[in-house]
Amino acid sequence: MLTSRLKKLVEHGVLTKELYQAHPPRYEYTLTEAGFALHPVLLALKEWGDRYVTEGEPPTVFRHDCGAVLHPRTVCDACSRPVPADTTRAIRIGGVPQHSGADAPDAPSPTGT
């Protein structure tokens, strides 16, 4: 089962597989750029599971470099403010632009950026 999962992750570009011992054959799996890009997604899913699925203390806890227990959040790259669901609007869906007032791609940002 693990072998088939690793194979799928390699096929989808999340991991690379490199032979490090020929007899018996042994492989090392390392994250690709796409694999590293999943890091914030996995942390967010862990946080969700700790809140809505896990009873009691979370089974795994991470500490950030600042010294605090890590509780990840999504922030806007442009303004660094949190991104709750009610503050976002789609401006393109399935490749089709959604033009309506302030959502138009060329409309000025409410923050002036």
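Atoms considered below: every heavy atom in the structure, side chains included; atoms not considered: hydrogens, waters and symmetry mates. The model shown is predicted, which means the values in this text are computed figures rather than measured ones.
- Residue His12 holds its NE2 atom at 7.5 Å from NZ of Lys8, rounded to the nearest 0.5 Å.
- Hydrophobic clustering of Ile, Leu, Val, Met, Phe, Trp and Tyr side chains at less than 4.5 Å, counting indirect connections, unites Leu2 with Leu31.
- When all heavy atoms of Ala44 and Pro72 are compared, the pair lying nearest together is N-CG, 4.3 Å.
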May I have the step-by-step check of side-chain contact (heavy atoms from CB on, under 4.5 Å) for Asp50 and Trp48, ending in yes or no?
CA-CA 5 Å; Asp50 291 347; Trp48 180 88; over 6 Å; no
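- For Thr74 (side chain) and Val83 (main-chain N/O), no donor-acceptor pair under 3.5 Å exists by modelled atom type.
- The distance from atom CD1 of Ile93 to atom CD of Gln98, rounded to the nearest 0.5 Å, is 4.0 Å.
- Under the 4.5 Å side-chain heavy-atom criterion for grouping Ile, Leu, Val, Met, Phe, Trp and Tyr, Val10 is connected to Leu38 within one hydrophobic cluster.
- Within a 6.0 Å radius of CD in Glu33, no more than 12 heavy atoms belonging to other residues, nucleotides or ligands are found.
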- Give the C-alpha distance, both sets of side-chain angles, the deciding distance and a yes or no for side-chain contact (heavy atoms from CB on, under 4.5 Å) between Lys7 and Glu11. CA-CA 6 Å; Lys7 182 179 178 183; Glu11 288 171 358; 3.1 Å; yes
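- Looking only at distances, a side-chain donor or acceptor of Lys46 sits under 3.5 Å from a matching main-chain atom of Thr60.
- Under the 4.5 Å side-chain criterion, counting only non-hydrogen atoms from C-beta, Pro59 is in contact with Thr54.
- In this structure, the side chains of Phe62 and Leu43 come closer than 4.5 Å at one or more pairs of heavy atoms.
- Lys17 forms no cation-pi arrangement with Tyr29, by the criterion of a distance under 6.0 Å to the ring centre and an angle within 45° of the ring axis.
- With Arg63 contributing its side chain and Gly67 its backbone, the two residues share a donor-acceptor pair below 3.5 Å.
- In this structure, Leu6 is a member of the same hydrophobic cluster as Leu19, with clusters built from ILVMFWY side-chain heavy atoms closer than 4.5 Å.
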Quiz item: Yes or no on side chain to side chain donor-acceptor pair (under 3.5 Å) for Thr30 and Thr16, after CA distance, side-chain angles and deciding distance?
Solution: CA-CA 5 Å; Thr30 55; Thr16 60; 2.6 Å; yes
